[in-house]
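Remarks on the structure that follows.
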Amino acid sequence: MADTTTIPLLLLLLAATVAAAAELSVYHNVHPSSPSPLESIIALARDDDARLLFLSSKAATAGVSSAPVASGQAPPSYVVRAGLGSPSQQLLLALDTSADATWAHCSPCGTCPSSSLFAPANSSSYASLPCSSSWCPLFQGQACPAPQGGGDAAPPPAMLPTCAFSKPFADASFQAALASDTLRLGKDAIPNYTFGCVSSVTGPTTNMPRQGLLGLGRGPMALLSQAGSLYNGVFSYCLPSYRSYYFSGSLRLGAGGGQPRSVRYTPMLRNPHRSSLYYVNVTGLSVGRAWVKVPAGSFAFDAATGAGTVVDSGTVITRWTAPVYAALREEFRRQVAAPSGYTSLGAFDTCFNTDEVAAGGAPAVTVHMDGGVDLALPMENTLIHSSATPLACLAMAEAPQNVNSVVNVIANLQQQNIRVVFDVANSRVGFAKESCN
């Protein structure tokens with residue numbers, strides 16, 4: 001993510017205005033380097049394996065109330081504009097539904113990926129949090145030192161060191177101090193918002209968010225929890241297509257106006273070992289009018305193993321476990337019936353010559369969920385075309401074998417131009433068609 005390509009985009013996005021209170025514009029993190037949609041998606045999906053490794057892992061201790069800061073994951077593909085501090089300093093934060101903690105690169109930091117950093121010294125509402133803070137264990141911060149001189153009395157919080165923590169991220173790792181400040185989203189202000197203030201980064205920063213990350217998971221560190229009653233446990237987003245570089249989608253916060261009335265909801269499942277993730281219960285897949293024949297129990301939710309299906313904003317292409325994807329691929333190929341067969345390209349293994357297939361020959365894929373939700377994917381979410389050659393690929397793949405391959409992930413490519421509503425208060429996830437570009 002080179003500075004020469006991202007600086008103009010940062011200036012453009014920071015100059016944009018927020019349309020209304022509790023609604024923020026959602027932008028692409030980077031401009032895909034290739035003009036061809038197929039090659040662009042292949043390039044963006046190269047970091048999916050690292051992302052899936054994070055999603056498929058689970059906390060070491062059963063019953064923990066929150067997931068740690070996301071480690072080993074690739075950066076989410078979308079950013080929102082937020083303000084931090086008093087007066088407000090504008091930042092572009094990566095939108096991440098599978099992470100709880102919010103963090104920002106802070107000044108001074110000579111190893112952070114951008115020179116545009118949050119400056120705590122310029123904020124009158126900034127406060128460092130001590131190691132005795134109840135937030136410190138949630139961020140997996142360092143424990144307070146033992147009292148000196150054999151006394152039992154602990155020193156007052158003002159004399160204790162700041163809660164410090166370090167985490168791996170993608171190919172790098174960062175060191176941060178726990179802090180609180182006012183977070184501004186549109187016209188809303190959330191005082192005393194707890195976040196990590198990154199002071200140094202070790203390793204390559206290419207795959208790190210340039211300015212920080214907004215945690216939209218389900219745990220106590222995440223936005224919905226820290227906002228209290230402000231958003232009533234509800235947010236939604238509509239992600240723009242990767243082909244709409246200068247167009248934006250939206251992040252809507254709260255249960256009030258703006259959320260679609262036509263939304264269809266499916267129950268939200270909770271995994272105590274991965275409590276930041278949004279699980280849904282998929283009951284089947286269909287290709288065209290044919291149901292995909294998968295082994296019994298292929299979609300079953302199991303908190304102990306992490307099995308089930310996660311809706312995630314950061315993974316690029318949807319992954320299905322090996323038996324599910326094999327059955328989906330077989331049915332898709334049967335219906336397309338490409339005369340020259342199929343080839344592989346990047347993560348995709350079902351690519352075919354579009355000149356050999358009649359117009360409309362590619363069937364739609366529908367994801368069926370509890371509650372009678374039938375998420376029929378638009379063709380642009382199912383089939384990715386190359387602009388250079390008469391080639392198209394089924395835009396889904398098998399979960400990689402080097403991770404705990406029991407997790408299905410409905411990724412952002414399949415969510416584009418669909419309003420996805422996360423209603424944590426009522427434990428449900430909703431979907432509605434919408435043009436996000």
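What you see is a predicted model, and the numbers here were worked out from it, not measured in a lab.
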Consider only side-chain N and O atoms of [X] and [Y], and report whether a donor and an acceptor are under 3.5 Å apart.
| X | Y | result |
| --- | --- | --- |
| Tyr231 | Asp188 | yes |
| Thr318 | Gln414 | yes |
| Ser313 | Gln415 | no |
| Ser180 | Asn192 | no |
| Asp374 | Thr366 | no |
| Thr266 | Asp370 | no |
| Arg419 | Ser236 | yes |

Over all atoms of both residues, closest heavy-atom pair of [X] and [Y]:
| X | Y | result |
| --- | --- | --- |
| Ala119 | Ser107 | CA-CB, 4.2 Å |
| Ala395 | Asn381 | CB-O, 4.1 Å |
| Ala376 | Lys433 | O-CE, 4.5 Å |

Next item on the list: Can you spot which of Phe118, Tyr193, Phe169, Phe139 makes a ring pair (Phe, Tyr, Trp, His ring centres under 6.0 Å) with Trp103?
Entry: Phe169

Margin query: Does Leu269 form a side-chain contact (heavy atoms from CB on, under 4.5 Å) with Asn281? I'd like the steps, not just the answer.
Written below: CA-CA 7 Å; Leu269 307 179; Asn281 189 39; 3.9 Å; yes

Rounded to the nearest 0.5 Å, what's the gap from [atom1] on [X] to [atom2] on [Y]? Could you check?
| X | Y | atom1 | atom2 | answer |
| --- | --- | --- | --- | --- |
| Tyr265 | Asn426 | OH | CG | 8.0 Å |
| Ser114 | Met208 | OG | CE | 12.0 Å |
| Ser125 | Leu183 | OG | CG | 10.5 Å |
| Asn271 | Ser276 | CG | OG | 9.5 Å |
| His385 | Thr354 | NE2 | OG1 | 7.0 Å |
| Arg81 | Arg184 | CZ | CZ | 13.0 Å |

Side chain of [X], backbone of [Y]: donor and acceptor closer than 3.5 Å?
| X | Y | value |
| --- | --- | --- |
| Ser123 | Ser86 | yes |
| His105 | Val201 | no |
| Asn412 | Thr315 | yes |
| Ser250 | Arg252 | no |

Margin query: Determine whether Asn417 and Glu380 satisfy the following criterion, side-chain hydrogen bond (donor to acceptor under 3.5 Å, both in side chains), listing intermediate values before the conclusion.
Written below: CA-CA 10 Å; Asn417 289 313; Glu380 66 175 8; 2.7 Å; yes

Next item on the list: Apply the side chain to side chain contact (heavy atoms under 4.5 Å, CB included) test between Leu95 and each candidate in Leu213, Leu214, Val80; give the one that qualifies.
Entry: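 Exactly one candidate clears the test, Val80.
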
Quick one: does [X]'s side chain get under 4.5 Å of [Y]'s, heavy atoms only?
| X | Y | result |
| --- | --- | --- |
| Val421 | Tyr237 | no |
| Arg428 | Val280 | no |
| Pro209 | Val79 | no |
| Met268 | Val424 | yes |
| Leu138 | Pro220 | yes |
| Ile410 | Met369 | yes |
| Val282 | Asn408 | no |
| Glu398 | Arg319 | no |

So, using side-chain contact (heavy atoms from CB on, under 4.5 Å) as the criterion, who are the partners of [X] when residues are at least two apart?
| X | result |
| --- | --- |
| Pro323 | Pro295, Thr321 |
| Ala337 | none |
| Ser262 | Pro260, Ala432 |
| Ala222 | Asp100 |

Checklist line | Listed once per pair and sorted, the disulfide bond (SG atoms under 2.5 Å apart) pairs that draw on residues 302-338, sequence neighbours left out | finding: none

Notebook entry, point to check: Does Phe235 have any ring-ring contact (aromatic ring centres under 6.0 Å, His included) partners at least two apart in sequence or in another chain, and if so, which?
Noted result: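 Phe422.
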
Next item on the list: Go through the steps for Thr97 and Val311 under the test side-chain contact (heavy atoms from CB on, under 4.5 Å), then give the verdict.
Entry: CA-CA 8 Å; Thr97 58; Val311 180; over 6 Å; no

Margin query: Please enumerate all residues that pass salt bridge (Lys or Arg N to Asp or Glu O under 4.0 Å) together with Arg264, with sequence neighbours excluded.
Written below: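 In terms of salt bridge (Lys or Arg N to Asp or Glu O under 4.0 Å), with neighbours along the sequence ignored, Arg264 is linked to no residue.
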
Notebook entry, point to check: Pairs in or reaching into residues 284-318: which pass ring pair (Phe, Tyr, Trp, His ring centres under 6.0 Å), with residues at least two apart or in two chains?
Noted result: Tyr279-Phe301, Trp291-His368

Check: Can you name the side-chain hydrogen bond (donor to acceptor under 3.5 Å, both in side chains) partners of Thr283, sequence neighbours left out?
Finding: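 Scan of Thr283 (side-chain hydrogen bond (donor to acceptor under 3.5 Å, both in side chains), adjacent residues dropped) gives none.
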
Check: Residues in side-chain hydrogen bond (donor to acceptor under 3.5 Å, both in side chains) with Asn122, at least two apart?
Finding: none

Check: Can the SG atoms of Cys109 and Cys106 be said to lie under 2.5 Å from each other?
Finding: no

Got a list of side-chain donor-acceptor pairs under 3.5 Å for residues 223-230, not counting sequence neighbours?
residue	atom	partner	partner atom	Å
Ser225	OG	Gly219	O	2.8
Gln226	OE1	Thr194	N	2.8
Gln226	NE2	Thr194	O	3.0
Gln226	NE2	Met221	O	2.8

Next item on the list: For Val336 and Phe352, run side-chain contact (heavy atoms from CB on, under 4.5 Å): C-alpha distance rounded to whole Å, both residues' side-chain angles, the deciding distance at 0.1 Å, then the answer.
Entry: CA-CA 9 Å; Val336 172; Phe352 57 94; 4.0 Å; yes

Item checked: Pairs flagged by side chain to side chain donor-acceptor pair (under 3.5 Å) wherever residues 337-353 is involved - sequence neighbours left out -> Tyr325-Asp349, Arg329-Asp349, Arg333-Thr350, Ser340-Glu356

Note to self: If you count every heavy atom of other residues, nucleotides or ligands that lies below 6.0 Å from Gln335 atom CD, does the total exceed 12?
What the structure shows: yes

Note to self: Could you go through Thr382 and Leu377, starting from their C-alpha distance and side-chain angles, then the distance that decides it, and tell me whether this counts as side-chain contact (heavy atoms from CB on, under 4.5 Å)?
What the structure shows: CA-CA 6 Å; Thr382 302; Leu377 300 177; 3.5 Å; yes

Check: Parallel under 30°, tilted from 30 to 60°, perpendicular over 60°: which one fits the rings of Phe195 and Tyr126?
Finding: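 Ring orientation of Phe195 relative to Tyr126: perpendicular.
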
